[in-house]
Chemist: 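Quick one: the structure is below, and I'll ask about it shortly.
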Protein chains: 2
Amino acid sequence: MARPSTTADAFHAIAEPRRRQILGLLATAELPVNDLVTALDIPQPQVSKHLRVLREVGLVAVRGAGQQRLYRLSPAKLKPVHDWVKGFERFWAESFDRLGEYLADLQAGQPGADTPPHKTEGESE
Amino acid sequence: MARPSTTADAFHAIAEPRRRQILGLLATAELPVNDLVTALDIPQPQVSKHLRVLREVGLVAVRGAGQQRLYRLSPAKLKPVHDWVKGFERFWAESFDRLGEYLADLQAGQPGADTPPHKTEGESE
DNA sequence: TTGATATATTCCCGATATGGAATATTATCG
DNA sequence: CGATAATATTCCATATCGGGAATATATCAA
């Protein structure tokens, strides 16, 4: 890799399972770090680090409350992601011709109707 | 990092802008690598490498056609992503109480109603 | 001030992604 | 078979991530 940051955008930020978990938790309520630590059951420093990434990307916002820091969701930055995937909605919305069925096949395994590719066979998933 | 693979899942796979671009192009039509190279205007090996990641994650499928390899979208694996972000839809759907307005403020900058945090100020985005 | 609690940051490390360049592989054609 | 087109893989180098552990910083209480 030689490009600028990486986790510098929402897409990268949510690639981390833990961060998605955090966002999920914050979607419910504004929470202090400690609650997240308890919920995630991972070392506090890690939580703080994940929160930092999320903060820098703008997916969460903080607010000091005494000696605690309450994190809340700041979902705006999630919209681009939503918008992007939404563009593919129709593909699994079935009844898009018989595309749904077709794609199901593809996922299932070797379609059989497909022309056998190179030798590097291995197809999709 | 010490966890298993990384780009091993759809979330990581789509974190790459180029890969999103590829998926976008394949959403339109089944395409040979070369067309992608032309469209993306990046070295062919890079395209192949991105395609490999997408293939391994199951986001695209291939089919040999002569000396070409036609890549097509295999969107099923994108659904989990869609489902996940969809859970946050309501947040920017406005009229969720006056949450919309509230969040807009948060994104805008310092709410003003917020208790000044630590010193590590820097808030959200 | 000292101590306790809550959270953030730093340092070290192994893993790995990604770009670039070169090369290998596969298939078609003559 | 030899040449060429299309695509994949490998090697190298660099950067960053993300975990672990230790430590720093901030806030509150006494």
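Numbered from 1 within each chain, the chains take letters A, B, ... in sequence-line order. Bear in mind the structure is a predicted one, so any value in this text is a computation, not a measurement.
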Chemist: With respect to the side chain of B:Pro43, which nucleotide from D:dT9, C:dT7, C:dG20 is positioned closest?
Modeler: C:dG20

Chemist: Does a nitrogen or oxygen in the side chain of B:Gln46 sit under 4.0 Å from OP1 or OP2 of C:dG19?
Modeler: yes

Chemist: Is a donor-acceptor pair below 3.5 Å formed from side chain B:Gln67 to base C:dT26, judging by atom type as modelled?
Modeler: no

Chemist: Identify, between B:Lys49 and B:Val33, the residue whose nearest nucleotide on DNA chain D lies closer to the 5' end.
Modeler: B:Val33

Chemist: Report yes if at least one side-chain N or O of B:Arg18 is closer than 4.0 Å to OP1 or OP2 of C:dG19; otherwise report no.
Modeler: yes

Chemist: May I ask you to evaluate whether A:Arg52 reaches the phosphate of C:dT7, defined as a side-chain N or O under 4.0 Å from OP1 or OP2?
Modeler: no

Chemist: So, taking the atom named OG in A:Ser48 and the one named OH in A:Tyr71, what distance separates them when rounded to the nearest 0.5 Å?
Modeler: 6.0 Å

Chemist: Return the value, rounded to whole Å, for the distance between atom CD of B:Gln68 and atom P of D:dA5.
Modeler: 13 Å

Chemist: If you measure only the distance, is there a donor-acceptor pair under 3.5 Å linking the side chains of A:His50 and A:Arg19?
Modeler: yes

Chemist: C:dT26 P sits how many Å from B:Arg63 CZ, rounded?
Modeler: 20 Å

Chemist: Write down the distance between CD1 (A:Ile42) and P (D:dG19), rounded to a whole number of angstrom.
Modeler: 7 Å

Chemist: Using side-chain heavy atoms (C-beta onward) and a distance below 4.5 Å, is A:Leu78 in contact with A:Ile14?
Modeler: yes

Chemist: How close or far is atom C1' of D:dC28 from atom CG of A:Asn34, stated in whole angstroms?
Modeler: 15 Å

Chemist: Respond yes when some side-chain nitrogen or oxygen of B:Tyr71 is under 4.0 Å from OP1 or OP2 of D:dA6, and no when none is.
Modeler: no

Chemist: Using whole Å, report how far CG of A:Asp9 lies from P of D:dT16.
Modeler: 14 Å

Chemist: Can you check whether A:Ala15's main-chain N or O pairs, donor with acceptor, with A:Arg20's side chain at less than 3.5 Å?
Modeler: yes

Chemist: What integer distance in Å separates A:Glu16:CD from D:dC17:P?
Modeler: 11 Å

Chemist: Taking atom P of C:dT7 as reference, at what distance in whole Å does atom CD1 of A:Ile22 sit?
Modeler: 13 Å

Chemist: Please work out whether the ring planes of A:His82 and B:His82 are parallel, tilted or perpendicular, with thresholds of 30° and 60°.
Modeler: parallel

Chemist: Report the distance from atom CD1 of B:Ile14 to atom P of C:dA17, rounded to the nearest whole Å.
Modeler: 16 Å

Chemist: Check the phosphate of D:dG19 against A:His50, side-chain N and O only, distance under 4.0 Å to OP1 or OP2. Yes or no?
Modeler: yes

Chemist: Ignoring backbone atoms, establish whether A:Arg19 has a side-chain N or O less than 4.0 Å from OP1 or OP2 of D:dG18.
Modeler: yes

Chemist: Which is true for B:Pro45 with a 4.0 Å heavy-atom rule: it touches a base, it touches only sugar-phosphate, or it touches nothing?
Modeler: base

Chemist: With hydrogens left out and only the distance checked, is there a donor-acceptor pair under 3.5 Å joining A:Gln44's side chain and the base of C:dA8?
Modeler: yes

